[in-house]
Amino acid sequence: MAKQKIINIAVIAHVDAGKSTLVDAFLAQSGVFRENEEMVAQTMDSNDLERERGITIYSKNCSVMHGDYKINIVDTPGHADFSSEVERIIKTVDTVILLVDSSEGPMPQTRFVLKKSLEQNLNPILLINKIDKKDARIDEVVDEVYELFMDLEANDKQLDFPILYGIARQGVVVRDPAEAAGVQIESRDGTKVRKAAAGQNGLTIAPLFETIIDMCGPYPDKDDEPLQFQVSSLAYDDYIGRLGIGRVYKGKIHPGEQIAVCKPDGSYTTGKINQTFIYRGLKRVAVDEVGSGDICVVSGLPEITIGDTICLESAIDPLPSIDIEPPTLSMNFMVNASPFAGKEGKYVTTRHIKERLEKELEVNVGLVVEPTDSTDSFKVSGRGELHLSILIEQMRREGYELAVSKPEVIYRKGPKGERQEPVEEVVIEVPDNYAGTIISDLNLRKGMMSSMDGKNGRSRIIYTVPTRGLLGYRSQFINETHGEGTMVTRFSGYEDYKGEIPQRTAGAVIAQEEGVSTPYALNNIQERTQLFIGPGTHVYEGMIVGQNSRSDDMVVNPCKAKRVSNMRAAGSDEAVKLSPYKTFTLEEALEFINDDELVEVTPTDIRLRKKILGELERKRSGRVYTQE
């Protein structure tokens, strides 16, 4: 049999540039789905959280056929917190398709993913997506991409990248934007035309297929050489255990084969491959042999991890290790010890939480779990707030109940022993009338402005801000810009410690006793506070029920009922009118809390509470409270 022609590609871009939608077009136009089979939008975003949030969290593989070529496609996350997913995938591909929005241009994460690609000496293909946008500025965006390539010190061959233009939601890619002028995006009444991943007006993504084949050519035939397979990703199957996913660089790999697993420190262990799988369309298919160049999944090696190289025992030849950037943020995961503990969750003990975190470490390489002084608490470190909050949200949905502390940045020592902290590049776009407020905020948070320019009544501001300064800022930013601003961040590196940054200035409103909140009590409390609960909510002593308008904490009784007297009945006065109360998402709750507070997470509720629940104990610990 002739050697199968194989090309591996990754689709990389900033959040919401259209990566998963482009992969939909690849799948629709290569016969993966039957004619009578309905295709779901963003097919690769199979996780519930990915669908709800509209973002890709985990990099995933699929394959399509074009002529006699098998093209393995990796859909990568665009959010900076999941960049550890991108770093290792780049090593397994022959080229990357760099997607850039025709209006936004290159964004912070575009820079990160492109830098990783250029470091691997890949020659990217630029695809300017969403060219149908009314505010598209195609020529300017192409110029910005050239500047970015030069800024990242791309070589001459990399700078000579092919440029294509597309509307991924309609399955259209062209070599000249004028060719797509007839593609209909809106109907006459202004509503969006239904997505058509299979193409429109005779236009398809064929030019992209042709460009990929012209640029890369098939992977060279190295089937006769000794086996060399590097693990770049991990998965877990409840039936067959840990799975190693990677590329076969040389040789062939078979089920039942005795192999050596080479570790980054130079040591190696021996083992036996149980099963080997490849991707056909979206399915993982067991096969008896996987040749060089293909993406392979192996089972039977429970200790395998990212960067390990699988070789023959008779020909040990490890590949260079894959480095994953270290975590920048940590928080403590604790057993829930509130008065409501165990009432809503299915898994509530230390053993349950420990086992779940260990299972997560099997596949989530950007995560670090360490023990603490307490047996009921674990220090969990990740690449950002979203990275950690996604894990908490998944645990919550699986029936876990736990308490988590305020996120803290991870410091490190510099070359001279000085204290260094992580900093992030922040790109903000706001209407001009809000720019002054945002600049003032970021200056208070020890930020340093890099650039500022304006166009069409909007300002684009780029800052370098300590990660500490951005904790809790996102919700404030949305309020101050009335939802009209956009803010994206990218981990930039470590710099010298910037000094103290002010925390939340408003105090908390704390429940005095356990009970059920009443409209009568809440009506009196809301005059000076922003409430977080409504009437009929079960509360306990030490639970945070609102935000004070002043800086000090205030203890209240939200369960106080109106007394019955011989003059009037309890309900005889006019009905109480309560203001709408604020409900928190998990991310907002983590942003809101201070060092002496916790977020209680259960399958049904997210509650805020003080670490020390008793009012007397809090006073003894040294903080001052006002009594309501």
Side-chain angles (χ1 to χ4, degrees), residues 331 334 336-341 343-345 385 389 392-393 396 401-407 471-480 482-483 503-561 576-615 618 623 625-628:
M331 60 174 73
M334 292 164 262
N336 185 21
S338 83
F340 296 169
K343 290 185 177 179
E344 295 161 7
E385 237 173 329
S389 68
I392 298 167
E393 183 65 38
R396 175 186 175 212
E401 190 176 296
L402 68 159
V404 291
S405 66
K406 181 180 174 68
L471 295 178
Y473 179 60
R474 196 171 290 274
S475 50
Q476 183 184 334
F477 173 81
I478 292 167
N479 288 336
E480 288 180 346
H482 297 93
Q503 279 196 326
R504 186 186 84 216
T505 52
V509 179
I510 308 159
Q512 188 179 38
E513 60 183 45
E514 187 174 334
V516 177
S517 59
T518 64
Y520 170 73
L522 296 181
N523 187 42
N524 292 328
I525 297 167
Q526 74 176 4
E527 292 174 9
R528 282 167 289 166
T529 66
Q530 161 73 61
L531 287 174
F532 298 160
I533 62 166
T537 304
H538 207 153
V539 301
Y540 55 80
E541 183 184 8
M543 181 171 154
I544 297 171
V545 296
Q547 179 176 303
N548 196 359
S549 54
R550 297 181 181 178
S551 59
D552 50 351
D553 291 346
M554 181 166 69
V555 179
V556 298
N557 183 3
C559 309
K560 190 191 292 181
V576 170
K577 291 182 181 175
L578 293 174
S579 304
Y581 59 91
K582 179 176 174 60
T583 54
F584 283 94
T585 64
L586 182 57
E587 281 90 355
E588 287 169 345
L590 293 172
E591 285 180 359
F592 178 82
I593 58 173
N594 272 339
D595 294 333
D596 64 331
E597 296 162 356
L598 299 173
V599 179
E600 180 186 347
V601 182
T602 75
T604 56
D605 261 312
I606 293 171
R607 303 184 188 96
L608 308 180
R609 52 161 285 194
K610 286 290 180 183
K611 278 185 181 174
I612 302 171
L613 295 177
E615 183 186 350
R618 285 199 303 273
R623 291 204 60 168
Y625 296 85
T626 61
Q627 175 72 43
E628 171 70 359

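The side-chain hydrogen bond (donor to acceptor under 3.5 Å, both in side chains) test applied to Tyr581 returns no partner, not counting sequence neighbours. Scored by the side-chain contact (heavy atoms from CB on, under 4.5 Å) test, Lys560 finds Tyr520, Ala521, Asn557 as partners (sequence neighbours excluded). For Glu344, the salt bridge (Lys or Arg N to Asp or Glu O under 4.0 Å) test picks out Arg607, with sequence neighbours left out. Residues that satisfy the side-chain hydrogen bond (donor to acceptor under 3.5 Å, both in side chains) test with Glu514, not counting sequence neighbours, are absent from this structure. Applying the side-chain contact (heavy atoms from CB on, under 4.5 Å) test to Ala341 and every residue at least two apart in sequence or in another chain returns Asn336, Glu401. Legend: residues meeting side-chain contact (heavy atoms from CB on, under 4.5 Å) with Asn479, ordered by chain and number and at least two apart, are absent. With sequence neighbours excluded, no residue forms a side-chain hydrogen bond (donor to acceptor under 3.5 Å, both in side chains) with Ser405. Residues passing the side-chain contact (heavy atoms from CB on, under 4.5 Å) test with Leu608 are Phe532, Ile544, Phe584, Ala589, Phe592, Ile593, Val599, sequence neighbours excluded. Judged as a side-chain hydrogen bond (donor to acceptor under 3.5 Å, both in side chains), and not counting sequence neighbours, Gln547 has no contacts.
Between Ser389 atom OG and Met331 atom CE the span is 7.0 Å, to the nearest 0.5 Å. Distance check, rounded to the nearest 0.5 Å: OG of Ser549 to CZ of Arg528 gives 7.5 Å. In this structure, CD in Glu385 is found 8.0 Å from CZ in Arg474, a value given to the nearest 0.5 Å.
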Name the atoms and distances for all side-chain donor-acceptor pairs under 3.5 Å in residues 533-543, with sequence neighbours left out.
| residue | atom | partner | partner atom | Å |
| --- | --- | --- | --- | --- |
| Thr537 | OG1 | Gly534 | O | 2.8 |
| Tyr540 | OH | Glu600 | OE1 | 2.5 |
| Glu541 | OE2 | Glu615 | N | 3.3 |

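The side chain to side chain donor-acceptor pair (under 3.5 Å) with Glu597 is formed by just one residue from the set Arg609, Lys610, Lys406, Lys611; it is Lys610.
Taking both residues in full, the closest heavy atoms of Ala403 and Leu598 are given as CB-CD1, 4.4 Å, listed atom of the first, atom of the second, then distance.
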